[in-house]
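Remember, it's a predicted structure, so these values are computed and weren't measured experimentally.
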Amino acid sequence: MSTASPATPARSPKPDSAWAPLAARVFRALWIAQLVSNVGSWMQMVGAQWLLIGHDAALVTLVQTASSLPVVLLALPSGVAADRYDRRGVLLTAQLAMLAVSGTLTALAFADALTPLLLLVLTFLLGCGTALMGPAWQAIQPELVERRQLGQAAALGGVNMNLARAVGPAVGGVVVAGAGAGWVFAFNAVSYLGIAVVLMLWRRPRTVAAVAGGEKLLSALDAGRRYVRYAPDVRRVLLRMALFIPGGGALWALLPLVASRSLHLGPSGYGLLLGAVGVGAVAGAFALPRSTRVLGANGTLSSGALIFAGVLVVLATVRIPWLVTGALLFAGLAWIGVLSTLNAAVQTRLPGWVRARGLAVYLLVFQGGQALVAPLWGALAERLGLAVPLLAGSALLLVSALSVRRWPLDGAEGADPAPSEHWPVPPLVFEPGPTAGPVLVTVSYRVAPGNEAAFSDCMEHVARSRRRTGALTWGLYQDGQDPGHFIENYLVASWSEHLAQHSDRLTLTDRRYEERARDLLVPGTRPEVTHAFDTSSGPVVPDTTNPSWTGDGPRR
């Protein structure tokens, strides 16, 4: 099995079809294996929640917290691991670890030794596996499908999850009612084998090996944090998620209680309610391309939040099971519309060198938001009844919908995260060691008369580019005696960090910002660049062990 390029069968779907990514062989195999695994996960969730249904409401909602909280704790280290190491290996490790934990959960359930505390602890450990897997799984998508198909791939990921949500809870509820929770845990354990087999057969090309392999853990974490901080378009995606997920999470936290306390349903009835959400989401995935063309990304986000808010009102006020089931179809449609739009948005805005870390932050906001709000909704339900937290969640979603006009997603049509190695080799007379530094980079510009203000404005974009790719500090100075003379300087932690800017961190978008600024220079002039090294610990010692070092010129 190979992914040197997305494999396309002789008769493949049209490139703009919702099914187009399935023409890629490895994507298709992983998609099918993931579907089986997701069915097992939803069956396991129903079994875990139903084992606790007779306990305190807050304890029931802790199942959601136990499965989501690991993302809060491990998302960023998992993103570093996915950028530093072979992503196939990271995914395989996560699958095998979850297989072991799920096997333990199954054995305890059949031995009738599964206490609420043990159930929550093992659910937490399964969540740790999911946290380890999440950034790597998201980050390999551009390796499996073409960039223009990332939106369809994200929607198919939603279809996958929601097909599983349509089938898994219903089957899980029937199995729990008829045979006990142990059998749903057993199926979940076996379901991890499918993804593991596909990953073992996948031979990931060396050309897409991890690009952050030389970074230390803390440096890699800081690089990911710095990138997100100075990437306004990525931050806007995170803001939209942060505004949607607290209200949206009320449904997942409280639906078991709605099923048992408001509608007086058993585990199979609860499974059918979750299945209705899944069916609606599958339908929404196929409607998404058309709705996005009609409403645009921002219209889809606001409409999805409004629909979800209306569903929560129905859950708070209606006691007729078939009406609630019908409303949950629309909840699934809204959920897939919002999440697929945000997922595609963040995928298309992140460059390869930091993709997994950026996606880790995205997953942190998504899963972490659910983990943090679930016990709050449960505590409110226990004290004030179910209607109050459901209506409060609806109010939060209404705020989310109205805020789209104030904080919309920025268009990514002009952004291109592909790498651009447009910087020349640094013109040094010796090759410093990789840890030499900090390095002060100074760039001198001759700006054409009358272009000074426009140049300063353009350099604001360049400043964010420098900071995203490694600069610790940045400044732009105008010569007091020569207004057309501007001096830019920025500090990079080490020589290896600066070389990373030269080799793989700058994108085509970064290059365009630089070219816009250079178009304002005096015709025929070029920026003059110098590199200075911190000597507070002594002079820089050249790396004479490097076979490319000659002692009298830059590395070639």
Side-chain angles (χ1 to χ4, degrees), residues 38 41-50 52-53 57-72 120 123-124 126-127 130 158 161-162 164-166 168-170 172-173 241-242 244-263 265 267 269-281 284 304-305 307-316 324-325 327-339 342 363 365-381 386 389-394 396-397 400:
N38 283 337
S41 296
W42 278 106
M43 290 174 66
Q44 191 268 344
M45 179 68 75
V46 169
Q49 288 181 321
W50 212 258
L52 298 175
I53 203 67
L59 189 61
V60 177
T61 59
L62 281 177
V63 174
Q64 178 71 39
T65 299
S67 61
S68 300
L69 184 60
V71 177
V72 179
L120 291 173
T123 301
F124 177 84
L126 284 174
T130 301
M161 175 60 73
N162 289 287
R165 184 182 281 128
M241 177 63 78
F244 175 79
I245 209 63
L251 184 143
W252 307 115
L254 299 174
L255 191 58
L257 301 174
V258 171
S260 62
R261 298 184 181 182
S262 296
L263 303 179
L265 300 175
Y270 171 52
L272 289 174
L273 293 182
L274 283 174
V277 181
V279 170
I307 292 171
F308 216 86
V311 172
L312 291 185
V313 172
V314 172
L315 294 183
V324 171
T325 302
L328 289 173
L329 292 171
F330 290 95
L333 185 148
W335 183 262
I336 193 69
V338 171
L339 293 194
L342 294 176
L363 291 173
V365 175
F366 172 48
Q367 296 281 9
Q370 294 188 80
L372 293 175
V373 302
L376 298 179
W377 294 134
L380 278 176
L386 280 171
L390 287 168
L391 292 174
S394 178
L396 290 177
L397 286 166
S400 175

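Taking every heavy atom of both residues into account, Ser400 and Ala305 meet most closely at OG-CB, 4.2 Å. Residue Pro246 comes nearest to Ala242 through the heavy atom pair CD-O, 3.0 Å, listed as atom of the first residue, atom of the second, then distance. Pairing each heavy atom of Ala327 with each of Val314, the nearest pair is CB-CG1, 3.7 Å. Residues Leu257 and Ala381 share a closest heavy-atom pair of CD1-CB, 4.5 Å.
For the atom pair CG of Leu251 and CH2 of Trp377, the computed distance is 12.0 Å after rounding to the nearest 0.5 Å. To the nearest 0.5 Å, the span separating CG on Leu363 from OG1 on Thr130 amounts to 10.5 Å. Taking CG of Leu397 as the start and CD1 of Ile245 as the end, the distance is 9.0 Å to the nearest 0.5 Å.
Scanning for side chain to side chain contact (heavy atoms under 4.5 Å, CB included) contacts around Phe330 gives Ile307, Val311, with sequence neighbours left out. Residues satisfying the ring-ring contact (aromatic ring centres under 6.0 Å, His included) test with Phe366, not counting sequence neighbours, are none. Residues meeting the side chain to side chain contact (heavy atoms under 4.5 Å, CB included) test with Val258, sequence neighbours left out: Leu255, Ser262, Leu263, Leu315, Leu386, Leu390.
Side-chain contact between Val338 and Met241 is absent, with no heavy atoms from C-beta onward closer than 4.5 Å. Contact annotation: the side chain of Tyr270 never approaches that of Ser260 to less than 4.5 Å [non-hydrogen atoms, C-beta and beyond].
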For this session: Decide side chain to side chain contact (heavy atoms under 4.5 Å, CB included) for Leu391 and Leu312; before the verdict, give the C-alpha distance in whole Å, the side-chain angles of both, and the deciding distance to 0.1 Å.
Result: CA-CA 7 Å; Leu391 292 174; Leu312 291 185; over 6 Å; no
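Between Trp335 and Phe308, the ring planes are tilted. Angles from 30° to 60° get that label.
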